[in-house]
Amino acid sequence: MVSERATRTTPFAAMDVLERANRMDDAIHLEVGEPDFETPNAVTEAAVAALRAGETGYTSSKGKPELRAAISAYYDRQYGVDVDPARIVVTSGSSPALLLAFSVLVDPGDEVVLTDPHYACYPNFVRQTGGRISTVPLSAADGFCPRVGEFERTVSGDTEALLLNSPANPTGAVLDGATLRELVELADAADATVVSDEVYHGLTYEAEDHTALEYTDDAFVVDGFSKRFAMTGWRLGWLVVPEEYVGHVNRIAQNTLICAPNFVQSGGIAALESDDDFFGGVRDTYRERRDFLVDEVEDWGMSLDYTPGGAYYLLVDVSDLPGDVLEQRSRASRTSSGKAFDAADFLLEEAGVATTPGPDFGANAADCLRLSYATSAEKLVEASERVQRALETVELSTAD
Ligand SMILES: Cc1ncc(COP(=O)(O)O)c(C=O)c1O
């Protein structure tokens with residue numbers, strides 16, 4: 001019999017849209033959260049050299065000591081924080097790091113607090129451990145930044161973990177240092193543990209990144225190479241673990257993951273050592289794309305009441321689009337209904353522009369679409385023209 005846990009695991013809508021878009025000839029992809037930059041050359045060269053040098057066996061389950069030392073040096077350089085390499089566990093991407101964190105923290109029935117909206121996969125990580133999800137609402141009026149008061153209303157003695165994410169997927173919102181500190185203190189007072197997903201650090205356009213480790217040694221910090229080094233397919237990430245949990249995390253990692261690929265870890269060392277060259281240009285490019293798209297969506301009849309400060313996403317509200325027309329004109333056969341799905345179908349089928357329907361990210365994104373600007377400026381210009389042309393036909397049919 002299929003386990004209840006498996007049947008309760010929901011599909012990842014962005015991936016479903018991606019599959020449909022890939023079957024079309026020239027769809028423009030605004031649905032996926034994957035950098036369109038190439039991995040820095042120095043990283044590829046280091047991994048190839050490692051392969052040639054025969055670095056193909058298992059490594060320690062916590063990762064190569066040189067990589068863990070490089071990650072520790074990165075915390076020192078980037079945030080002025082001292083992290084003992086013994087507390088760092090290297091993983092195959094940040095996704096297994098999330099799974100490890102929840103595996104050691106959560107028993108069936110334990111409460112995990114998430115924001116709403118949140119990264120679509122978070123509830124499924126919690127479900128794998130049998131945890132119970134409570135959510136803290138975020139609003140566009142606040143730029144989707146969490147209010148500490150909302151957390152105070154939700155976090156209780158029953159809360160085991162608080163999952164934070166900045167810069168955030170799907171909103172691009174960035175948490176300021178003072179708020180992060182207050183949330184860390186609030187978790188501490190409730191005897192709950194912060195799990196801070198910092199995978200979009202480095203892709204912050206105005207403010208500074210702050211790690212939860214600036215305020216506590218008791219947080220789990222999830223991070224990785226996928227986003228800021230354009231290394232999604234390399235599958236390399238890490239988990240910083242509070243000291244008392246290190247042995248427990250390592251036992252689960254030894255048994256279930258064994259280790260991240262050996263030569264890939266050598267690529268990771270090169271990435272951390274060469275990041276300064278890569279970062280500046282990439283960040284400027286994303287910022288320009290964001291500014292372009294923020295201006296354009298106003299002309300699409302969608303609303304965006306905030307300017308996202310990081311990652312490469314906008315969460316736009318489609319409530320003002322004529323739902324009945326979109327519903328009639330969206331031809332996809334699917335089980336989910338609602339304006340966001342109709343709008344995403346319409347844009348894919350009639351404009352050839354793929355977007356992700358908001359409901360995947362929580363009830364507070366029900367009438368939204370997530371747009372990713374991890375695609376070239378030329379494609380963004382074309383996407384905007386196509387969307388405007390397609391939406392003009394909707395206005396015409398409304399006028400009829
Ligand atoms: C917020 C967030 N966390 C974690 C991940 C997983 O990234 P990876 O497993 O590639 O490191 C993603 C991927 O999109 C994400 O958006």
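- Note: the hydrophobic cluster containing Val316 does not contain Phe361 (ILVMFWY, side chain heavy atoms under 4.5 Å, direct or indirect links).
- At a threshold of 4.5 Å between side-chain heavy atoms, the hydrophobic network of Ile, Leu, Val, Met, Phe, Trp and Tyr places Val90 and Trp234 in one connected group.
- Under the 4.5 Å side-chain criterion, counting only non-hydrogen atoms from C-beta, Met302 is not in contact with Asp317.
- Under a cut-off of 6.0 angstrom, the local environment of CD in Gln254 is crowded, with over 12 non-hydrogen atoms contributed by other residues, nucleotides or ligands.
- Here Asp142 pairs with Arg147 in a salt bridge; the nearest charged N to carboxylate O distance falls below 4.0 Å.
- With salt bridges taken as basic N to acidic carboxylate O contacts below 4.0 Å, one links Glu150 and Arg153.
- Of the possible polar contacts, one joining the Asp116 side chain to the Ala363 backbone as a donor-acceptor pair under 3.5 Å is found.
- Side-chain contact between Val240 and Phe220 is absent, with no heavy-atom pair separated by less than 4.5 Å.
- Inter-residue side-chain proximity for Glu45 and Asn41 is flagged as met; some heavy-atom pair is nearer than 4.5 Å.
- When the shell of 6.0 Å around CG of Asn22 is examined, it contains more than 12 heavy atoms from other residues, nucleotides or ligands.
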Inset, instruction - Please step through side chain to side chain contact (heavy atoms under 4.5 Å, CB included) for the pair Leu162 and Thr193, ending with a clear verdict. - result: CA-CA 6 Å; Leu162 223 100; Thr193 303; over 6 Å; no
Inset, instruction - Apply the test ring-ring contact (aromatic ring centres under 6.0 Å, His included) to residues Tyr74 and His201: give CA-CA distance (whole Å), side-chain angles for both, the deciding distance (0.1 Å), then the verdict. - result: CA-CA 12 Å; Tyr74 172 75; His201 273 213; 8.8 Å; no
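- The environment of CG in Asp191 is sparse: at most 12 heavy-atom neighbours from other residues, nucleotides or ligands sit within 6.0 Å.
- Judged as a side chain to side chain donor-acceptor pair (under 3.5 Å), the pairs with a partner in residues 297-312 (not counting sequence neighbours) are, in order, Trp300-Ser384.
- Ionic pairing of Glu206 and Arg290 is present here: one or more N-O contacts between side-chain nitrogen and carboxylate oxygen are shorter than 4.0 angstrom.
- Closest approach of Val174 and Gly310 over heavy atoms only: CG2-N, 3.6 Å.
- Between Phe144 and Pro117, the closest side-chain pair of non-hydrogen atoms falls below 4.5 Å.
- At distances below 3.5 Å, at least one donor-acceptor pair connects side-chain atoms of Glu198 with backbone N or O atoms of Ala212.
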Inset, instruction - Evaluate the criterion side chain to side chain contact (heavy atoms under 4.5 Å, CB included) for residue pair Ile28 and Arg386; output intermediate values, then yes/no. - result: CA-CA 10 Å; Ile28 298 179; Arg386 287 190 193 182; 3.8 Å; yes
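- Note that the CD1 atom of Ile269 and the CZ atom of Arg68 stand 11.5 Å from one another [nearest 0.5 Å].
- You'll find the side chain of Arg8 reaches within 4.5 Å of the side chain of Arg127, heavy atoms only.
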Inset, instruction - Check step by step if ring-ring contact (aromatic ring centres under 6.0 Å, His included) holds for Tyr286 and Phe37. - result: CA-CA 10 Å; Tyr286 280 133; Phe37 294 97; 5.2 Å; yes
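- Val199 and Val194 fall into different hydrophobic clusters, defined by Ile, Leu, Val, Met, Phe, Trp and Tyr side-chain heavy atoms under 4.5 Å apart, directly or through other members.
- Here the side chains of Ser196 and Thr211 are not in contact, with every heavy-atom distance at 4.5 Å or above.
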Inset, instruction - Quick one: do Trp238 and Phe225 satisfy ring-ring contact (aromatic ring centres under 6.0 Å, His included)? Show the steps, please. - result: CA-CA 9 Å; Trp238 70 85; Phe225 295 81; 5.3 Å; yes
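- One hydrophobic cluster, built from ILVMFWY side chains closer than 4.5 Å, cannot hold both Leu18 and Leu348; they sit in different ones.
- Between Arg20 and Glu349 there is a salt bridge, since at least one side-chain N of the basic residue sits less than 4.0 Å from a carboxylate O of the acidic one.
- Side-chain contact between Val112 and Arg132: absent, with no pair of heavy atoms (C-beta onward) separated by less than 4.5 Å.
- A salt bridge links Glu55 with Lys64: the closest approach of a Lys/Arg side-chain nitrogen to an acidic carboxylate oxygen falls below 4.0 angstrom.
- The pair Asp320-Lys339 does not meet the salt-bridge criterion, since no charged nitrogen lies less than 4.0 angstrom from a carboxylate oxygen.
- A salt bridge links Asp223 with Arg228: at least one charged nitrogen is closer than 4.0 Å to a carboxylate oxygen.
- Atom CZ of Arg251 sits about 11.5 Å away from atom OG of Ser61, to the nearest 0.5 Å.
- Under 4.0 Å is where a charged nitrogen must lie from a carboxylate oxygen, and between Lys379 and Asp36 no such pair does.
- No side-chain heavy atom of Leu100 sits under 4.5 Å from any side-chain heavy atom of Val104.
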Inset, instruction - List the steps, then state whether ring-ring contact (aromatic ring centres under 6.0 Å, His included) holds for Phe125 with Tyr122. - result: CA-CA 5 Å; Phe125 283 109; Tyr122 285 157; 7.0 Å; no
Inset, instruction - Test Val136 against Leu114 for side chain to side chain contact (heavy atoms under 4.5 Å, CB included), laying out the working first. - result: CA-CA 6 Å; Val136 168; Leu114 312 180; over 6 Å; no
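- Between the Glu382 side chain and the Glu378 main chain, no donor and acceptor come within less than 3.5 Å of each other.
- Ser72 pairs with exactly one of Val81, Leu272, Leu67, Ile88 by the side chain to side chain contact (heavy atoms under 4.5 Å, CB included) rule, that one being Ile88.
- Taking hydrophobic clusters as Ile, Leu, Val, Met, Phe, Trp and Tyr residues chained together by side-chain heavy-atom distances below 4.5 Å, Leu183 does not share a cluster with Leu163.
- With Ser372 contributing its side chain and Val32 its backbone, the two residues share a donor-acceptor pair below 3.5 Å.
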Inset, instruction - Start with the C-alpha distance between Phe151 and Glu182, add both sets of side-chain angles, then the distance that settles side chain to side chain contact (heavy atoms under 4.5 Å, CB included), and finish with yes or no. - result: CA-CA 10 Å; Phe151 273 90; Glu182 281 186 70; over 6 Å; no
